[in-house]
Structures are given as C-alpha cells and as structure tokens.
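Before I ask anything, here is the structure I am working with.
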Amino acid sequence: MQEFIKKNYFVFFVLFSGIPLFFLPNVWDGVIFDYGLITENLSGIKTFYKEIGSPFQLIFFYLVFFIKKITFIPHEFLFDLFTIIVLILFSLEIKKYSIIVFELDNKWGNLCAIFAITCPLWDSLIAINLGLYLFCFYLALLGYRLFISKNLSIKIIGIIIILMSFSIKSNFSFIIGLTLAHNLILFLNKQIVNKYSLLFILFLSTFSYLIDINFFPPYGMFEGYNQVTLKNLDFFALVKNVYNYSTFFVFYLWIPIFYLLILKFKGQNIKFSSLFEKKDIINYFAILIIFATSIAPYLLTNKSNDLLFFTEYMDRHAFLLPLSFGIFFTILFKKINDISHLRKIHLLFLVLFLLQNLSILSIAYYTKIESALFRYDFVEQLKKIEKLPGGNVQIISSHMPGYLRHYEVSFLFFKAYGQASWWGEVITDKKIRENVKPGEWILKRDDYKTQLVLDDYYQRCSIVIQLTNEIDKFDRILKFYILNFRDYFKIKVLKTVC
C-alpha cells in the first residue's frame, strides 16, 4: 500500500474531493435508496432500476444490504466509502489511459489524475446513485485498458467489463471515443493500428445499443426517459449545450495563457507556435474526439452542465469530462514546462490551477452543506411541533436552500415521525394548489409507494406549511447561515384540513 501511494500520490487529493461526502446526507434520488435500506424493503429500488433500464446496478444494493445485515455497519458509511474508492479508481484509470495512449510518464500521469480528482464535479456524489454512475464510467476505462491487452484471457475479461459498463448508456459513445482517440494517435504517429480491436469495439457498442433500445427501453414511470432524438439537435440548443460543456476548458485557459505571458516578460524565448507542433496537434485532436464522444449522448437528449452550475445535480451530465479535461491541461502544462526553464514559476501556476479547481469545488460543496443543514433543521422542527396528520403537504418557500422533490419531502417527514404517510410539494409562487396528491397509478402499486416513500400514505388531510424568516442565497453567506441555520426558515403551519 505504501508503495502504491508513493507511486500514485494523486490519492491525497481525495481529502478535498471525497472526504466531505462522509458528512453530507443522501439527497435527490439518493433518498429512495436510503429509505429502502432503512426499512429493509428493496422493492422500490428494484423497480427503479428495472424500469430505468439499468438492472445491473441493483447488484450493488443487494451487496450493501447483505454487508449491513451481517456487520451492522450503517449503509450511509458503506455508500460513502464505496464512492470514495470509486473516485480514486476512476482517477487512477484516467492516469493509466493518459500514460498508455498519450505516452505521459508517471509524474505527468499523476498530475493528470490530480486534475481529474479535483475537478469541480464531485459534490454531486452525495447522491449514492451518482456514485454508481461514476462506477460505470470507471468500468468503461478499466474494460478498455484490459481489452487492449495482448493476453486473450485478460482481453475477454475486458469485454465483459465493458458490457457491464453499458448499464450507463453514455458509455456506448464513450467507449468508441476511447478507441478512436487511441488508434488515431497510433495511425498518425505511423505505429501499428489495432484495426481489429477498433472494429470490434465499434461493433460491440453499436450492437449493444441496438439491443438495449429495442429490448430493454425504460418503461413504466420512466417511459421515454433520456430518449435520444435528432430533434434535440436544434441549432440554438446545441450551441448552448456545447458552450456549457466548453466552460470546463475556457474558464481555465487564462492560467496557461498568463503563464506564457509571464515567461515572455521574463525574457524566455518562447514561440506560441511551439505549442502546436505535429505531435501536439495529434494529441489535441484525439482529446477533442474523447470530449465529443463524452458529451454526444447528452447533446442528443438536450442536457448539459456548465462549470458554475452546481446548486443541483446536473453535474452528472459532465462526469466523463475529467478525462479530456485532465489530459488536455496536463499536456499543455507539460509542453510549456518543456520549452521553458523557470521551474518555480511552473510550480506556481500548477498551484494556481489547482486552487481554482478546489475553490469552485468548495463553493459547490458549500451549497450542499446549506441544503443539508436546512433539511436537518426542518426534521428537528417537525419533531418539536405536534405531529401532523398524514396526507398531502404544501410547503410555501421562496428561498429554500436547495430544492425538495415530492419524495424528498416525504422522506423528511419519515425521518421526523417514523412513518411514510405524507406526499409533499414545494410552492415557490405562494399560490396554494388544490388537489395536491399522488396519482392513483402510484397508489395502486406497492413498489411505487415504496419507491416514493409512501408506504403508510392514505389521503386523509391537506396541510399547508409556510417557511418564515427566510433569507436568499446572498444573505445566507453574509449572515453566516451555516453557523446560524436554526435562526432561519422556521416552520409555520397555516392550515390543516381533514
């Protein structure tokens, strides 16, 4: 282990990116899995993954449930430990891919992994199902590395792992990008192209995709979910989405540009054209292929995420970017380092790059901390007031930290009262709705009720709650909300009609 850490010192950066996960609760879709494991009823989780078309990921929850039963280790701890291990493994595979395909040495491979593990995306991993997203992307990288082995047995294992990675549909495109980029570099550098491997990956991905969309499409509650259609390639939507993804590169380019200007100022004889020699252009084009195949599935479903949008969980649409992001900036810094001799300045700009990464990641984590504190205090306030009758709840709030979906409201009431008897909705326009209730199609199925935290629900009462003493996101910073969260967002029951 000591030798591994010495050789792969990028793992130390998991302290910044991964350790905060241990202190934040499951949120978003993660509460579905949290509830299922608390109640030891996995029917909702089972239905969720079957209907969404990813039954492979069910194995993880059965495993967590088994370990929890025999060891009494809290499943929340198992979730977080698993996610951190996957984050390290994913970054390790990025390092290995950069060494194999782009011929970086261990030093620069570690830098590539550091860029990846500090990429400002990982705050979204507090939702355990997004940890599984990342696990499937890791499987794609691992599977490809094993597949290109000359050993037939290892190659077959690689194919099996690649097939497992297809549990996340983005990997149908991503795996093609990995092999296209690799073989493009081999071809343009006049090395031996693995044409049979390339053709096999193209066939495997295409055939698997056709099987998936024809025999295992999303159904039930998720019918039509993430449907790929050319209609989503509307010009303006496409430009907007491509721009959103490009912010992960554009907002960092000022650092190497400033680096070059400082070197010029210091009298270094540096020509900008030296950054675009034949090998460099080949590498940049290969990175562009990886980038394009990483975002293509999301463009086809009209989804994207930009660098500074971190209040929700849209980061999941950018989980594949750390590969092209890490390799591009590593190669750029390496090239500048090779043509200059000022090592102290080089180190300074690397630190500056990492500080920007960690600063944006810290802001993203800050928004999640605010949301976690609000949820904790909301439950504590519910415990202190007279128990509300089961039924339909409307929460009036204009500045709630984060956002609560129906099942998240239900889960907070479950944590407060130990029953899944409430269906909730957050109202931001202060207009109280009529007939706020779950659909009959939900109530007719026990697995749907479990999935949406409604096991004990029946339509008995209509409740309206208003949050008072609210403050907006700017005041939450100025008034140190994370230290004084108990002073704000007070529960006031306006109406209970049974």
Side-chain angles (χ1 to χ4, degrees), residues 1-23 60 63-64 67 71 73 77-123 125 128 130-151 153-158 160-162 164-165 174 178 182 290 319-331 333-334 337 346-347 350-351 353-354 357-358 361:
M1 178 60 72
Q2 184 178 358
E3 185 62 28
F4 172 83
I5 294 175
K6 185 178 180 181
K7 188 176 180 180
N8 300 285
Y9 47 84
F10 73 87
V11 298
F12 288 112
F13 286 85
V14 80
L15 294 171
F16 303 99
S17 303
I19 296 302
L21 300 175
F22 281 104
F23 303 97
F60 168 78
L63 180 61
V64 169
I67 295 173
T71 65
I73 298 174
F77 178 82
L78 295 174
F79 284 168
D80 296 335
L81 182 61
F82 167 80
T83 302
I84 287 178
I85 291 172
V86 169
L87 181 57
I88 293 172
L89 292 175
F90 180 67
S91 300
L92 177 63
E93 284 303 319
I94 287 177
K95 172 188 172 180
K96 290 183 177 181
Y97 184 85
S98 70
I99 291 173
I100 293 170
V101 176
F102 293 87
E103 299 181 341
L104 299 178
D105 59 21
N106 188 68
K107 168 190 166 184
W108 292 104
N110 269 306
L111 182 65
C112 184
I114 289 170
F115 286 167
I117 207 170
T118 59
C119 197
L121 294 167
W122 308 127
D123 56 293
L125 293 176
I128 181 56
L130 296 187
L132 285 174
Y133 267 55
L134 188 62
F135 178 63
C136 290
F137 295 144
Y138 158 69
L139 290 181
L141 281 167
L142 173 65
Y144 180 73
R145 179 169 63 84
L146 298 180
F147 172 72
I148 60 177
S149 169
K150 294 181 180 179
N151 185 297
S153 298
I154 295 177
K155 189 181 289 287
I156 291 172
I157 293 172
I160 294 170
I161 291 175
I162 289 171
M164 292 164 61
S165 80
F174 181 55
L178 295 180
H182 188 186
I290 296 171
F319 277 2
L320 288 174
L321 288 190
L323 176 60
S324 51
F325 172 85
I327 294 174
F328 174 73
F329 284 107
T330 299
I331 287 176
F333 275 109
K334 181 179 184 300
N337 179 72
H346 175 72
L347 181 60
L350 286 182
V351 170
F353 189 96
L354 291 174
N357 248 6
L358 294 174
L361 182 61

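The structure displayed is predicted, hence computed values, not measured ones.
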Self-check item: Phe102 and Thr330, any side-chain heavy atoms less than 4.5 Å apart
Solution: no
Exercise. May I ask you to decide if the ring planes of Phe353 and Phe329 are parallel, tilted or perpendicular, using 30° and 60° as cut-offs?
Key: tilted
Quiz item: Do the side chain of Lys95 and the main chain of Asn110 share a donor and acceptor less than 3.5 angstrom apart?
Solution: no
Exercise. Heavy atoms only: give me the nearest Phe319-Phe90 pair and the separation to one decimal.
Key: O-CZ, 3.7 Å
Self-check item: Point-to-point distance, once rounded to the nearest 0.5 Å, from CZ of Phe13 to CD1 of Ile19
Solution: 14.0 Å
Quiz prompt | Phe23, CZ atom: more than 12 neighbouring heavy atoms under 6.0 Å | solution = no
Exercise. Would you please test Phe60 and Phe82 for ring pair (Phe, Tyr, Trp, His ring centres under 6.0 Å) and show each step?
Key: CA-CA 10 Å; Phe60 168 78; Phe82 167 80; 4.4 Å; yes
Quiz item: Do you know which two heavy atoms are closest between Cys112 and Ile94, and how far apart they sit?
Solution: SG-CG2, 3.7 Å
Quiz item: Would a 4.5 Å heavy-atom cut-off, applied to side chains only, mark Ile100 and Ile148 as touching?
Solution: yes
Quiz item: Closest approach of Ile88 and Val11, non-hydrogen atoms and distance?
Solution: CG2-CG1, 3.7 Å
Self-check item: Minimum heavy-atom distance Asn106-Ile99, with the two atoms named
Solution: CA-CD1, 4.4 Å
Practice problem: Please name the pair of heavy atoms, one in Leu87 and one in Ser17, separated by the smallest distance, quoted to 0.1 Å. | Solution: CD2-CB, 4.1 Å
Self-check item: Pair Leu89-Phe135, side-chain contact (heavy atoms from CB on, under 4.5 Å): steps then yes or no
Solution: CA-CA 9 Å; Leu89 292 175; Phe135 178 63; over 6 Å; no
Quiz item: Rounded to the nearest 0.5 Å, what separation is found between the OG1 atom of Thr118 and the CG atom of Leu15?
Solution: 12.5 Å
Quiz item: Passes side-chain contact (heavy atoms from CB on, under 4.5 Å), Tyr133 versus Leu125? Steps please.
Solution: CA-CA 9 Å; Tyr133 267 55; Leu125 293 176; over 6 Å; no
Quiz item: Under 3.5 Å, is there a donor-acceptor pair between the side chain of Asp80 and the main chain of Thr83?
Solution: no
Quiz item: If we only count heavy atoms from C-beta on, is the Phe10 to Leu92 side-chain gap below 4.5 Å?
Solution: yes
Quiz item: If you round to the nearest 0.5 Å, how far is CD of Glu3 from CG of Asn8?
Solution: 9.5 Å
Quiz item: Cys119 and Trp122: which non-hydrogen atoms are nearest, and at how many Å?
Solution: O-CD1, 3.3 Å
Practice problem: Go through Leu141 and Leu323 one step at a time and tell me if the side-chain contact (heavy atoms from CB on, under 4.5 Å) criterion holds. | Solution: CA-CA 10 Å; Leu141 281 167; Leu323 176 60; 4.1 Å; yes
Quiz prompt | Separation of Leu320 CG from Phe137 CZ (nearest 0.5 Å) | solution = 4.0 Å
Exercise. Show your reasoning for whether ring pair (Phe, Tyr, Trp, His ring centres under 6.0 Å) applies to Phe77 and Phe22.
Key: CA-CA 7 Å; Phe77 178 82; Phe22 281 104; 5.6 Å; yes
Quiz item: Are the side chains of Phe147 and Ile161 in touch, meaning some heavy atoms are under 4.5 Å apart?
Solution: no
Quiz item: Could you state the interatomic distance from OG (Ser98) to CD1 (Ile327), rounded to the nearest 0.5 Å?
Solution: 5.5 Å
Quiz item: Taking atom OH of Tyr144 and atom CG of Leu178, what is their separation to the nearest 0.5 Å?
Solution: 7.0 Å
Quiz item: Going through the checks in order, is the side-chain contact (heavy atoms from CB on, under 4.5 Å) test met by Phe16 and Asn357?
Solution: CA-CA 10 Å; Phe16 303 99; Asn357 248 6; over 6 Å; no
Exercise. Would you check if the side chain of Ser324 reaches a backbone N or O of Ile290 as a donor-acceptor pair within less than 3.5 Å?
Key: no
Quiz item: Using 30° and 60° as the class limits, which term best fits the ring planes of Phe115 and Phe325: parallel, tilted or perpendicular?
Solution: perpendicular
Quiz item: Does the Asn337 side chain pair with the main chain of His346, one donor and one acceptor, at a distance under 3.5 Å?
Solution: no
